[in-house]
Amino acid sequence: MSHPENASAFLKDQSKAKWHDETLWFVRDKRDRISKTVPEWESLRNLASQIKDNVLSNLDNYLEEFEKNALKNGIQVHWAKDAEEHNAIVLKILKEKNCPAIVKSKSILTEECHLNPYLEKNGIEVVDTDLGERIVQFLNQPPSHIVLPAIHLKKGEISELFHEKLQTEKGNEDPEYLTHAARTHLREKFLGAKVAITGVNFGVAETGEFVVCTNEGNADMGVHLAETHIACMGIEKIIPRRKDLGVFLRLLARSATGQPITNYNSHFRSPATGKEIHLVLVDNGRTAQLAREKFRNSLKCIRCGACMNTCPIYRRSGGYSYGSTVPGPIGSILSPGIDLNKYSSLPFASTLCGSCSDVCPVKINIHEQLYEWRQEITKAQGTNGKSLSMKLANGIFRSPLAYRISGKLMRIALKNLPNSLIYHPINSWGKGRNLPETPKETFKEWYHKNRS
Amino acid sequence: MNSISPNIALFIPCYVDQFFPNVGIASLELLEKLGCSVTYPIGQTCCGQPMANSGYERDTAGTARHFTEIFKGFDYIVAPSGSCVLHVKEHSPKIAGMEKEQKGIQDKIFELTEFLTDVLKVENLQGSYPHRVGYHASCHGQRGLRLASSSELQEAPYNKAHHLLKNLKGLEWVELSRKDECCGFGGTFAVTEEALSIQMGKDRLEDHLSHQVEILTGGDMSCIMHLQGIASRNRENIKFKHIAEILNEAIS
Amino acid sequence: MSSREQILSAIKGIERESKQLPDIPEFPQTENLQKVFKDSIQGNKGEVLSAIEFEEWIASLGDQKIISVSSRFPNLSTIKLPSDPHQLNDLNLAIIDGQFGVSENGAIWLEEENLKLRALPFITEHLVIVLDSQKLVPSMHQAYESIGSKHSGFGLFIAGPSKTADIEQSLVIGAHGAKSLRVVLL
C-alpha cells in the first residue's frame with residue numbers, strides 16, 4: 001500500500017491519531033526546551049555535521065584504522081556486504097557457541113537485515129530486550145519508531161498483550177506494573193542467554209572502541225551476563241576521535257527524547273577475561289548511498305528520531321504508514337536508495353516544510369533531499385499521465401497568451417461547473433475543503449484597467 | 001527609506017492572479033503608499049513551483065527562461081508569496097547562457113514582508129487595525145526564507161510579519177500553541193495526501209480558533225486558501241486575509 | 001575478493017571532496033558545578049546524598065545483600081563478590097566508586113577497575129556511586145579530556161537509574177537495571 005492509503009487508514013481512528021500527534025509533539029517540545037539550555041547548541045550541530053562530513057570523505061581510512069585498533073584490543077571483526085552475509089555471520093557464531101537462545105538490545109541495523117526471522121527460521125530463540133521492542137515482538141510487528149518502538153500502542157493494548165503473554169492481571173494498565181512484569185520476564189532471559197547482540201551508536205577509529213547508549217540498561221544486562229557479545233554496526237557509524245563522542249553524546253539524547261544524556265553509555269574496548277566480542281561491520285547499500293552525491297550526507301544520521309517527532313506527517317500517519325525499516329523523514333530519503341520503486345511514494349509524503357532539517361543534530365538537509373528524490377523518481381517512472389500534464393503546464397506557463405486563455409477557461413469552468421462535480425469524492429480538493437470564490441476579474445485584468 | 005527610487009517589479013503568482021486579485025491589488029497599493037515606483041510586467045505567468053515540487057523541475061526550463069526574461073531588467077522583484085520566491089531562488093533549473101541573469105534575479109527577488117523590513121527598512125508603521133490577528137507562518141517563508149525564527153533553532157526570536165504589524169493601533173497579535181507548524185497544504189500534497197492534508201489543516205485552524213483569532217493572516221495565499229477552504233466547509237467563524245491586505249487597509 | 005576488500009574498494013572508488021576534521025573549541029563553562037550536577041542527577045531521577053546522609057540510610061537498611069567495591073566504604077559488604085555475575089541476581093545493593101562526574105548531565109564515569117565485575121552496576125537492585133565533589137567537570141568535552149587516552153577494556157557513563165517510557169511515554173524507573181541511583185558526594 002502507498003503512503004496516502006496507509007495514512008488515511010491511520011487517521012480513521014481520530015482519537016488515537018490525535019494522541020499520537022500530541023505525544024510526539026510533547027517529545028519534540030521537550031527537545032526544543034532542553035536544546036535551548038545549551039548556549040552552544042548550534043555550534044555543536046555544526047561540529048557534528050562537519051565531523052560526519054569528514055568521516056564520509058575518509059570512510060575507507062577510518063574503517064581500516066578502526067579495524068586495526070579493534071583487533072589489537074582483542075575484538076573479532078567481521079565484514080558483511082549485505083544483509084544476507086550479516087545474518088549468516090551472526091548465525092555462524094551462534095552455531096559455534098552452540099547457542100539456542102539470544103538476547104538482543106535495540107539495533108535498527110538488525111531490523112534492516114531482518115535478522116530475527118532469519119535466526120528464528122534457523123531454530124534460534126530471539127528475545128528483544130528493549131521494553132518497546134519486546135512489546136512489538138510479542139505482536140509480531142516491527143518497531144514503528146526508531147527510538148520509541150511501541151509509540152503506536154496504547155497502554156490498554158499492552159495490558160491485554162501482557163495478560164496473554166506474561167499472565168499479568170486482566171485490565172491492569174498501570175505502566176509501572178506492566179514494566180515491572182516485563183522486568184521479571186526478561187531477567188530470566190538475560191540470565192539464560194549465552195550470546196547477546198547489541199547495535200552500535202558510535203565506533204571510534206582512534207581507539208577501536210564502540211559505544212552503546214540505552215536508558216533501560218538492557219544492552220549491558222545482556223552482554224555482561226553472556227559469554228559472547230555480537231555488536232552489529234553499519235559502516236557509517238564511525239567517528240574519528242574519542243573526543244568527538246563529547247559532541248555526539250551532548251546532541252544525541254537531547255535530540256531524541258529531550259533528556260541531557262542516556263542513563264547508560266557503555267564504551268566497549270576489549271572483551272572481559274574469558275569472553276569474546278564480535279563486531280560485524282555492515283555495508284548493505286551504504287556504499288551505494290555514499291556514491292550518490294546528492295544523497296550522500298543522509299549517512300550522517302545518528303538515529304535520534306528527532307525528525308520523526310517533529311514531522312507533521314509522521315505524527316499524523318504513524319511509523320507503519322511508511323512501510324520501511326526506518327520511517328519518517330530520514331527513512332524517506334534512505335529507503336528510495338534501497339528500492340526506488342517500492343518506496344516511490346515516500347518522498348512525496350511531505351510538504352517540504354523543512355522542520356526535519358532544522359531539528360537534525362547533524363544537519364542533514366532532509367527536506368532538500370526529499371525534493372531531489374522526487375526528481376529522481378519521476379525520471380525513473382518515465383512518461384505517464386502526470387508527466388504529460390507537467391509538460392503541458394510548462395507549455396502554458398512559458399507563453400503569456402496560453403496562460404491567459406487557460407486561466408480564463410479554468411475560472412469559467414469553476415464558476416459554471418455544478419458543485420456536485422467540484423465536490424465529488426474523487427475530487428480530492430473538494431472532499432474536505434471548499435474552493436475559493438471565483439473573482440470577477442484577474443489581477444492582470446484589473447491592472448490593465450487601472451494602471452496601464 | 002532609500003532616497004533613490006528603485007525600479008521595482010511586482011511578481012503576482014499565477015494562483016493569486018487568478019483567484020485572489022485583491023491580494024495583488026493590496027500588494028501594489030501598499031508598495032505605492034510606501035513611496036515605491038512599481039511595475040507589473042504584464043507578460044508574467046508562473047514560477048514553475050507546482051511542477052518542480054511534483055518532481056518535474058526539469059520540465060520547467062521554459063517557464064524559468066520566460067520568468068528570467070520578463071524580470072531581468074528590474075532592481076527588485078517583490079512577490080506576496082514566500083513559497084514562489086523560494087522556488088525562484090532555489091529550484092529554478094539552470095538555463096544555459098542565462099546564468100548571470102538568473103543569479104541576478106535570485107539575488108534581487110524578495111517576499112513582500114522581507115522586502116518591507118530588509119530593503120525598505122520599514123520601522124514603526126503607523127495605522128490602525130483593531131482586530132485579533134493570528135499569523136500562519138508558511139513553511140517556505142518561515143524555514144526557507146527565514147522570515148521568522150524557527151522554534152527548532154537556537155536563535156534570537158524575530159518575526160518580520162510581527163515587526164510590521166506590531167505598531168498598528170488596536171491590533172492584538174495572538175500567540176499560538178504551535179507557532180510554526182505546517183498547515184498541510186504542500187502543493188500537490190493537498191490532493192495526493194488528501195486525508196493528511198485536511199487533518200493538518202484542521203489542527204492548525206483549531207490552534208487559531210481556540211485562541212479566539214478573529215482574522216487569520218499570512219504571507220502565502222496557498223496555505224490560506226487551504227485553511228479557508230476547510231473553515232468554510234465547517235462553517236467556522238474566522239476571517240482570512242493576506243498580510244498585504246491588512247497592511248494596506250491599516251495604513252490608508 | 002573478500003567482503004572486506006569489496007567494501008573498502010567500493011568506497012575508495014567513490015570520488016569525494018576532502019572535508020576537514022574540525023577542532024572542538026572551548027565553550028563557556030558553568031560556574032556552580034556542584035549545584036548543576038545535583039540538579040542534573042535529580043532530573044535523571046537519581047538522588048544526591050552527603051556522606052552522613054548515606055551512612056544514616058545504610059544504617060536504616062535491614063538485612064540486605066550488599067557488595068561494596070568502594071575504597072571509601074570498604075566494610076559495607078554483606079556478601080562476597082562472586083566470579084560469576086549470574087550469582088548476583090538477588091543482590092540488593094552495589095556501592096561503587098565513580099571517577100568523575102559531569103555537571104551538565106549528571107553522567108558519572110566508571111571503568112572496569114571500579115566495577116570489578118562489569119555486570120555489577122546493572123544487575124544490582126539498587127546502586128550507590130561514591131564521588132569526590134572535587135571531581136566534577138562542566139561538560140562532556142572536559143569529560144573526554146579527563147579520560148584522555150587511558151585504556152580500559154570497559155568504561156561507562158551512568159547518569160541515573162534504569163528507566164523506560166515505552167508504555168505511552170509514561171516514565172517508569174527500574175526497567176532492567178538498578179531501580180535507584182544514589183550518588184554520595186564527598
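First the proteins, then the strands, lettered A, B, ... as listed; each starts at 1.
Contact annotation for A/Ile151: only side-chain heavy atoms (C-beta onward) come within less than 4.5 Å of a heavy atom of chain C. Proximity to chain C is limited to the side chain of A/Pro240, based on heavy atoms less than 4.5 angstrom apart. With a threshold of 4.5 angstrom between heavy atoms, C/Leu156 approaches chain A through its backbone and through its side chain. Both the backbone and the side chain of A/Thr179 come within less than 4.5 Å of a heavy atom in chain C. When heavy atoms are compared at a cutoff of 4.5 Å, C/Ser152 approaches chain A solely by way of its backbone atoms N, CA, C and O. For chain C, the nearby part of A/Ala80 is the backbone; its heavy atoms alone come within less than 4.5 Å. Looking at A/Glu67, the atoms closer than 4.5 Å to chain C (heavy atoms on both sides) all sit in the side chain, from C-beta outward. Using a 4.5 Å cut-off between heavy atoms, A/Thr262 contacts chain C through its backbone alone, with no side-chain atom that close. When heavy atoms are compared at a cutoff of 4.5 Å, A/Leu153 approaches chain C solely by way of its backbone atoms N, CA, C and O. Of the atoms belonging to A/Glu176, heavy atoms from both backbone and side chain fall under 4.5 Å from chain C. Residue A/His180 touches chain C through its side chain alone, counting heavy-atom pairs closer than 4.5 Å. Both the backbone and the side chain of A/Arg242 come within less than 4.5 Å of a heavy atom of chain C. Of the two parts of A/Leu290, the backbone and the side chain both hold a non-hydrogen atom closer than 4.5 Å to a non-hydrogen atom of chain C.
In terms of non-hydrogen atom pairs under 4.5 Å with chain A, the most contact-rich of C/Ser2, C/Ser3, C/Ser18, C/Ser40 is C/Ser3. By number of non-hydrogen pairs under 4.5 angstrom with chain A, the leading residue of C/Lys45, C/Glu145, C/Gln142, C/Gln20 is C/Gln20. No other option in A/Val211, A/Leu281, A/Val247, A/Val77 has as many heavy-atom pairs under 4.5 Å with chain C as A/Val247. Chain C forms more heavy-atom pairs under 4.5 Å with one residue of A/Glu85, A/Lys243, A/Glu216, A/Lys81 than with any other, namely A/Glu216. No other option in A/Glu173, A/Arg254, A/His78 has as many heavy-atom pairs under 4.5 Å with chain C as A/Arg254. The most heavy-atom pairs under 4.5 Å with chain C, out of A/Glu209, A/Arg241, A/Glu133, come from A/Arg241. Note: A/Leu59 leads A/Leu59, A/Asn61, A/Thr214 in heavy-atom pairs under 4.5 Å with chain C. Top candidate by heavy-atom pairs under 4.5 Å with chain C, chosen from A/Ala182, A/Pro271, A/Ala288, is A/Pro271.
Between C/Thr164 and A/Arg183 the shortest side-chain heavy-atom distance does not fall below 4.5 Å. A/Ile135 is listed as a side-chain neighbour of C/Ile167, based on a closest heavy-atom distance under 4.5 Å.
A/Leu178 CG to C/Asp166 CG: the interatomic distance, rounded to the nearest 0.5 Å, is 12.0 Å. Distance CD/C/Gln6 to CG/A/Asp283: 9.5 Å, rounded to 0.5 Å. With rounding to the nearest 0.5 Å, the separation of CZ in C/Phe157 from CG in A/Leu249 is 7.5 Å. The structure places CG of A/Asp174 at 8.5 Å from OG of C/Ser170, a figure rounded to the nearest 0.5 Å.
For a heavy-atom cut-off of 4.5 Å, chain A lies close to C/Glu104, C/Asn105, C/Ala107, C/Trp109, C/Glu112, C/Arg118, C/Ala119, C/Phe122 in residues 103-122 of chain C. At a heavy-atom separation below 4.5 angstrom, chain A is approached by C/Gly177, C/Ala178, C/Lys179 within residues 177-186 of chain C. Close approach to chain A, defined as a heavy atom under 4.5 Å from one of its heavy atoms, is seen in C/Pro85, C/His86, C/Asn89 of residues 55-93 of chain C, taken by number. Using non-hydrogen atoms only and a strict 4.5 Å limit, the part of residues 47-58 of chain A facing chain C consists of A/Leu47, A/Gln50, A/Ile51, A/Asp53, A/Asn54, A/Leu56, A/Ser57, A/Asn58.
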Checklist entry - Under the salt bridge (charged side-chain N to carboxylate O under 4.0 Å, His left out) criterion, do A/Glu64 and C/Lys12 qualify, and how do the steps go? => result CA-CA 12 Å; A/Glu64 286 170 314; C/Lys12 285 181 202 300; 3.3 Å; yes

Checklist entry - Stepwise, does the side-chain contact (heavy atoms from CB on, under 4.5 Å) test hold for A/Gln259 with C/Lys163? => result CA-CA 12 Å; A/Gln259 60 182 99; C/Lys163 65 171 181 178; 3.4 Å; yes

Next on the checklist: If you apply the rule side-chain contact (heavy atoms from CB on, under 4.5 Å), what do you find for A/Arg286 with C/Ile7, and how did you get there?
Outcome noted: CA-CA 9 Å; A/Arg286 285 160 176 77; C/Ile7 294 167; over 6 Å; no

Item to check | C/Ile11 and A/Leu63: CA distance, side-chain angles, deciding distance, side-chain contact (heavy atoms from CB on, under 4.5 Å) verdict | outcome: CA-CA 10 Å; C/Ile11 299 171; A/Leu63 280 168; 3.7 Å; yes

Checklist entry - When you look at C/Phe154 and A/Asp220, which way does the side-chain contact (heavy atoms from CB on, under 4.5 Å) test go after all the steps? => result CA-CA 11 Å; C/Phe154 178 69; A/Asp220 289 273; 3.4 Å; yes

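Put simply, the side chain of C/Glu168 gets close to the backbone of A/Lys155: a donor and an acceptor are under 3.5 Å apart. Formation of a donor-acceptor pair under 3.5 Å by the C/His176 side chain with backbone atoms of A/Thr129 is found in this model. Under a 3.5 Å cut-off, the side chain of C/Tyr144 and the backbone N or O of A/Asp244 do not form any donor-acceptor pair. With hydrogens and angles disregarded, a donor-acceptor distance shorter than 3.5 Å links the side chain of A/Asn263 to the backbone of C/Pro161.
What you find for C/Met140 and A/Ile261 is that their closest heavy atoms are CE-CD1, 3.9 Å. Taking every heavy atom of both residues into account, A/Val27 and C/Gln169 meet most closely at CG2-OE1, 3.6 Å.
The environment of CD in C/Glu53 is crowded: more than 12 heavy-atom neighbours from other residues, nucleotides or ligands sit within 6.0 Å. Taking a 6.0 Å sphere around NZ of C/Lys135, one finds it holds 12 or fewer heavy atoms contributed by other residues, nucleotides or ligands.
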